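Letters A, B, ... mirror the listed sequences (proteins, then strands); counts begin at 1. All values derive from a computational prediction rather than experimental measurement.
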2 protein chains.
Amino acid sequence: MPLAKVRNQYHHGDLESALVATARKLTKRNGVEHLSLRKVAQEIGVSPSATYHYFPDRDALLAAVGFSLFEELADYQERELAKIIGTTAKAAKDRFRSLGMTYFEWAIKEPHFFNLMFSEYCLMGPNSEHKREDSRAYLNLTKCLDELVSTGSLDERMRQHSELLSWTVVHGATSLIVSGHLEQDRYESILEDLEFSLGIRK
Amino acid sequence: MPLAKVRNQYHHGDLESALVATARKLTKRNGVEHLSLRKVAQEIGVSPSATYHYFPDRDALLAAVGFSLFEELADYQERELAKIIGTTAKAAKDRFRSLGMTYFEWAIKEPHFFNLMFSEYCLMGPNSEHKREDSRAYLNLTKCLDELVSTGSLDERMRQHSELLSWTVVHGATSLIVSGHLEQDRYESILEDLEFSLGIRK
DNA sequence: CCTTTTATCTGAACAATGTATAGATAATAG
DNA sequence: CTATTATCTATACATTGTTCAGATAAAAGG
């Protein structure tokens, strides 16, 4: 029996993944508020009610898509980060800059994804397993900052202040640009402002 | 004829304002994705189709609510700002802090409002009349920063970097907290980090 | 004051949506 | 080969946004 057990006519094989994947595709195209459960089912070729064996409701499906996007973003960031090699001060600064740029570029490329991730569908409760500390994106940031300190590019005294500051600046600028409240071409200069205020001079 | 021409049975009198006010109320309660045009009309006591004489569709009504919220936020900020009087360095610092705190407190008090304001319903196009430069909230920020400079609390060289930096930090931290990605009690320390990195020592 | 015109709102209808329930079908286990 | 269980379908329902023809009241013109 081959691995590709695609559409046994009645039983789908892996409907759960198909649901997430298709919901991802339609959300990417039309945005989160226009995602229709029925359209997702229709695209897969399955009845609308089949959905409810894997997700209690539409919100749950959207949440599944949203949480998977955080992993995708981290993947992308790490791929870009890996392109910058070396342990010099310049390499550390480049990686810090790259971390901020990839966050932004990813959001600009797929604004509907970004909106979903920080929408009410992906609300993080106090007991959520997707906390900040164990998120890969945040771990990458702390690692970058440590490198800046060890290469002498970031003052030790400033280190503790720069973690949340960097994160909120990057996220805030991205969010404002995606929602149209800030011009897109301002982003890079904001990153420079951040580095300047943290004392990371070039 | 009295001003209070409430419900002449057939003609409402001021349906447009009533629609915005009621949509505001229901959005505050249930969030933007659960706002129903029919519920709004029902609450006012008018037929669902009456809406379409004032707003082309549901999105337009939500946009009207959203844009009015920016004014409400500015009102609140200015009221709080007016409570701090004086031209001393301490007063200037207090006003800067207040500006950041009010933004946050307002969002925490009504997260559904905050979500609407930066949702896809209030997207600012390139020709939007609600641009950053002429927004009252942004003008208040620039005024505050000028005061910090003139009282010697903010280095002139840092002044140009601090405008967008302050804005994105405040918005970013607020956004992350509202969406549950950051703990609420971290906010004030982030403001302190911002002031520290801008060189505004106490 | 009466008539005409215009602005405002109603009623009914439509397609699409999320969701619940009962039953059909296929895979699995005994 | 049969019984059980997981998976999916068919049908139905209430609710939604939206359209359009027509009713009603207000304003304008005589």
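Listed by chain and residue number, A/Lys25 satisfy the side chain to side chain donor-acceptor pair (under 3.5 Å) test with A/Glu43 (two or more places apart in sequence, or in another chain). Scanning for side-chain contact (heavy atoms from CB on, under 4.5 Å) contacts around B/Arg136 gives B/Glu71, B/Ala74, B/Asp75, B/Glu78, with sequence neighbours left out.
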Filtered N/O pairs between nucleotides 11-16 of chain C and protein, under 3.5 Å:
residue : atom : partner : partner atom : Å
C/dG11  : O6   : B/Ser49 : OG           : 2.4

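Per the geometry, CD belonging to B/Glu33 stands 15 Å off C1' belonging to C/dT17, to the nearest Å. For the pair B/Gln42 CD and C/dT10 P, the computed distance is 13 Å after rounding to whole Å. If you measure from atom CG of A/Asp14 to atom P of D/dC8, you get 9 Å, rounded to the nearest angstrom. The distance between atom CG of B/Leu15 and atom P of D/dA26, rounded to the nearest whole Å, is 15 Å. As a whole-Å value, the separation of B/Asn30 CG from D/dT15 C1' is 15 Å. Between A/Phe55 atom CZ and C/dA20 atom C1' the separation is 19 Å, expressed in whole Å. One atom, NE2 of A/His34, and another, C1' of C/dG18, lie 16 Å apart when rounded to the nearest Å. Regarding A/Tyr52, its OH atom lies at a distance of 7 Å from the P atom of C/dG18, rounded to whole Å.
The phosphate of C/dC9 (OP1 or OP2) has a side-chain N or O of B/Tyr54 nearer than 4.0 angstrom.
The aromatic ring centres of A/Phe67 and A/Tyr121 sit 6.0 Å or more apart. Between A/Phe70 and A/Phe113, the gap from one ring centroid to the other reaches at least 6.0 Å.
Comparing atom distances between the A/His53 side chain and each of C/dT19, D/dG17, D/dT7 picks out D/dT7 as nearest. Closest to the side chain of A/Val46, from the set D/dT9, D/dT18, C/dA20, is D/dT9.
At a threshold of 4.0 angstrom between heavy atoms, the contacts of A/Leu35 are confined to the sugar-phosphate backbone, with no base atom among them.
For the side-chain contact (heavy atoms from CB on, under 4.5 Å) test with A/Phe104, the passing option among A/Lys109, A/His171, A/Gln184 is A/Gln184; the others fail.
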- Begin with the C-alpha distance, continue with both residues' side-chain angles, and end with the deciding distance and a verdict on salt bridge (Lys or Arg N to Asp or Glu O under 4.0 Å) for A/Arg24 and A/Glu72. CA-CA 12 Å; A/Arg24 198 199 100 107; A/Glu72 284 192 37; 2.6 Å; yes
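Using a 4.0 Å cut-off between a side-chain N of Lys or Arg and a carboxylate O of Asp or Glu, A/Glu80 and A/Lys83 qualify as a salt bridge.
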